[in-house]
Amino acid sequence: MFALIYDTHELNKPFKQVLSIHKSRETAERALEKRMARLGKKKVWECDTRIVWLKENAKPGYGVTENAFSTWRPGETIPYGELHPDCD
């Protein structure tokens with residue numbers, strides 16, 4: 001399942017709070033857009049929120065560590081821009 005997690009990228013805070021659970025990346029992306037608008041039209045990197053694939057069951061409010069999620073679902077097509085840098 002996909003999830004929105006709150007992630008400030010602080011190494012001393014290994015637990016990431018699950019904000020919401022979604023059956024598809026598309027519904028997770030819509031939820032992220034709504035969150036960004038609710039936070040004052042912030043950009044994705046400003047709202048400390050990521051879409052991830054959870055490897056185990058969780059519910060909103062749970063804390064998960066990096067071992068419990070990955071950026072992409074196994075077998076999911078990763079966009080070209082995520083695999084290759086924009087510069088030389």
Side-chain angles (χ1 to χ4, degrees):
M1 76 189 92
F2 290 95
L4 290 184
I5 61 169
Y6 183 73
D7 186 3
T8 57
H9 301 285
E10 296 176 65
L11 295 177
N12 62 340
K13 296 181 180 179
F15 284 93
K16 313 301 180 189
Q17 182 183 10
V18 176
L19 300 173
S20 60
I21 302 292
H22 306 275
K23 291 184 180 182
S24 71
R25 184 170 290 276
E26 291 77 24
T27 57
E29 287 173 356
R30 283 196 299 267
L32 178 57
E33 289 172 7
K34 287 180 184 178
R35 178 172 168 75
M36 291 170 15
R38 196 170 50 248
L39 293 173
K41 299 189 179 187
K42 288 188 174 184
K43 302 292 184 198
V44 111
W45 58 87
E46 296 174 320
C47 64
D48 295 322
T49 306
R50 292 175 54 194
I51 297 173
V52 296
W53 172 256
L54 290 178
K55 298 175 186 176
E56 56 190 45
N57 290 332
K59 294 181 180 178
Y62 278 30
V64 294
T65 63
E66 289 193 20
N67 293 334
F69 64 85
S70 64
T71 302
W72 303 99
R73 182 187 72 205
E76 184 177 17
T77 302
I78 301 172
Y80 180 84
E82 296 291 328
L83 295 173
H84 305 282
D86 292 338
C87 59
D88 291 335

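- For NZ of K55, the number of neighbouring non-hydrogen atoms (other residues, nucleotides, ligands) closer than 6.0 Å is greater than 12.
- Following chains of ILVMFWY side-chain contacts shorter than 4.5 Å, one can reach M1 starting from V64, so the two form part of one hydrophobic cluster.
- The side chain to side chain donor-acceptor pair (under 3.5 Å) analysis of residues 33-43, with sequence neighbours excluded, yields the pairs R35-T49.
- For residues 14-23, the set of pairs meeting the side chain to side chain donor-acceptor pair (under 3.5 Å) definition, not counting sequence neighbours, comprises D7-K16, S20-H22.
- V18 and Y6 fall into different hydrophobic clusters, where Ile, Leu, Val, Met, Phe, Trp and Tyr residues are linked whenever their side-chain heavy atoms come under 4.5 Å apart, directly or through other members.
- The CG atom of L54 lies 13.0 Å from the CZ atom of R73; values are rounded to the nearest 0.5 Å.
- Residues F2 and T27 are not in side-chain contact: their nearest non-hydrogen atoms beyond the backbone lie 4.5 Å or more apart.
- A distance of 10.5 Å separates CD of E56 from CZ of F69, quoted to the nearest 0.5 Å.
- The shortest heavy-atom contact between P60 and I21 is CD-CG1, 3.9 Å.
- If you take CD1 on I51 and CD on E29, they are separated by 5.0 Å, rounding to the nearest 0.5 Å.
- Note: R30 CZ to S24 OG = 6.5 Å, rounded to the nearest 0.5 Å.
- Listed by first and then second residue, the side chain to side chain donor-acceptor pair (under 3.5 Å) pairs that reach into residues 59-70 come to none, sequence neighbours excluded.
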